[in-house]
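These notes are about the structure you will find just below.
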Amino acid sequence: MDTWQIVGVGFVIIILMILASCIKIVPQAQSCVVERLGGFQGTWNVGIHVKLPLLDRIAKRVTLKEQVVDFAPQPVITKDNVTMRIDTVVFYQITDPKLYAYGVENPIMAIENLTATTLRNIIGDLELDQTLTSREIINTKMRVSLDTATDPWGIKVNRVELKNIIPPAAIQDAMEKQMKAERERREAILRAEGEKKSTILVAEGKKESAILEAEAEKEAAILRAEAKKEATIREAEGQAEAILAVQKANADGIQFLNEANPGNAVLQLKSLEAFAKAADGKATKIIIPSEIQGIAGLVKGITEVAKES
């Protein structure tokens with residue numbers, strides 16, 4: 001192979017390398033700003049692109065994904081002249097690669113300075129307590145302000161968050177004492193409410209116990225009265241039945257005697273038997289009726305009759 005052939009092969013290789021370098025592939029979520037002879041030519045999005053050799057160049061590669069930047073704590077002064085330090089976190093996304101490439105020299109530094117000045121303006125209108133309790137309001141105001149300011153740079157601020165609010169040591173000590181006092185006050189209130197509820201429950205328990213005891217005593221008295229009444233009724237009914245039985249027996253005996261029509265001798269004999277029962281030795285004094293002689297004669301006559309028989 002002679003010299004001209006070697007030169008030709010080398011030239012072809014160089015041409016192929018130049019052509020290969022002119023073919024560019026833009027990956028997902030990226031964009032390229034292309035310049036031709038130093039001027040803006042266009043923006044390449046995802047896909048394969050070909051540039052003119054020696055004329056076109058990629059001026060800037062831009063990431064279209066959402067990005068996060070954490071800024072250092074910035075000193076701010078509240079409305080009531082309290083100096084504190086606040087660090088912020090900004091979530092932003094590039095929406096226009098051309099404006100981002102030509103809008104501002106250093107976008108991140110610009111956003112940081114803009115965040116610090118905006119934060120000072122917002123905190124300057126708030127007092128210490130409002131600053132500590134109004135994070136959401138501060139975040140919203142900062143996002144709106146930053147989004148408006150960065151719009152000419154092709155940047156959209158999606159979210160701004162206050163990461164830390166660091167008050168002075170004296171303020172922190174006072175806040176801790178205040179919180180401790182507040183916790184002790186709440187504890188005392190809860191303890192008092194607990195004792196109050198406990199006293200009320202004990203009183204209600206005693207009241208219910210007294211009511212139950214009174215009701216039980218009342219029911220017991222009613223039951224005792226009813227039982228006594230029932231016993232009295234049963235006893236009266238028994239006595240009435242006994243009297244009726246005695247009266248009936250007497251009446252039956254009288255009726256039997258009337259039906260039997262006894263004679264004087266039988267009646268005198270029954271009287272003698274009754275007298276014998278009365279004089280059974282237990283009585284200390286016996287009254288003998290005047291008719292006893294007649295009864296004795298009657299007995300004697302009955303005896304004689306019995307012998308003759």
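The basis for the numbers below is simple: all heavy atoms, side chains too, and nothing from hydrogens, waters or symmetry mates.
Proximity of a side-chain donor or acceptor of T95 to a complementary backbone N or O of G154 within less than 3.5 Å is detected. Proximity of a side-chain donor or acceptor of R61 to a complementary backbone N or O of Q30 within less than 3.5 Å is not detected. The backbone N or O of I155 sits less than 3.5 Å from a side-chain atom of T150, completing a donor-acceptor pair. At distances below 3.5 Å, not a single donor-acceptor pair connects side-chain atoms of D151 with backbone N or O atoms of D147. Of the possible donor and acceptor atoms, none in the side chain of T118 sits under 3.5 Å from a partner among the backbone N and O of T115. Panel note: side chain S31, backbone W44; a donor-acceptor pair is recorded below 3.5 Å. The closest donor-acceptor contact from the side chain of D173 to the backbone of A169 lies at 3.5 Å or more, if one exists at all. The backbone N or O of V144 sits less than 3.5 Å from a side-chain atom of T148, completing a donor-acceptor pair. Looking at T232, its side chain does come within 3.5 Å of a backbone N or O of K228 through a donor-acceptor pair. Under the 3.5 Å distance criterion, the side-chain polar atoms of N121 are matched with a main-chain donor or acceptor of T117.
Taken together through direct or relayed side-chain contacts under 4.5 Å among Ile, Leu, Val, Met, Phe, Trp and Tyr, F91 and I111 form parts of separate hydrophobic clusters. Under the 4.5 Å side-chain heavy-atom criterion for grouping Ile, Leu, Val, Met, Phe, Trp and Tyr, L162 is connected to Y92 within one hydrophobic cluster. There is no path of hydrophobic side-chain contacts, each under 4.5 Å, that joins I166 to V89.
To the nearest 0.5 Å, atom CG of residue L126 and atom CG of residue D80 are 9.5 Å apart. In this structure, OH on Y100 lies 12.5 Å from CD on Q93, to the nearest 0.5 angstrom. Interatomic distance, I122 CD1 to I138 CD1, rounded to the nearest 0.5 Å: 7.0 Å.
When K24, R36, K51 are each tested for a side chain to side chain donor-acceptor pair (under 3.5 Å) with D56, only one passes: R36.
Taking a 6.0 Å sphere around CG of L54, one finds it holds 12 or fewer heavy atoms contributed by other residues, nucleotides or ligands.
In terms of the side-chain hydrogen bond (donor to acceptor under 3.5 Å, both in side chains) criterion, K79 has no residue partners (sequence neighbours excluded).
A salt bridge links E230 to R234: one of the charged nitrogens lies within less than 4.0 Å of a carboxylate oxygen.
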Item checked: Derivation of the salt bridge (Lys or Arg N to Asp or Glu O under 4.0 Å) call for R183 and E176 -> CA-CA 10 Å; R183 286 193 296 269; E176 290 177 357; over 6 Å; no
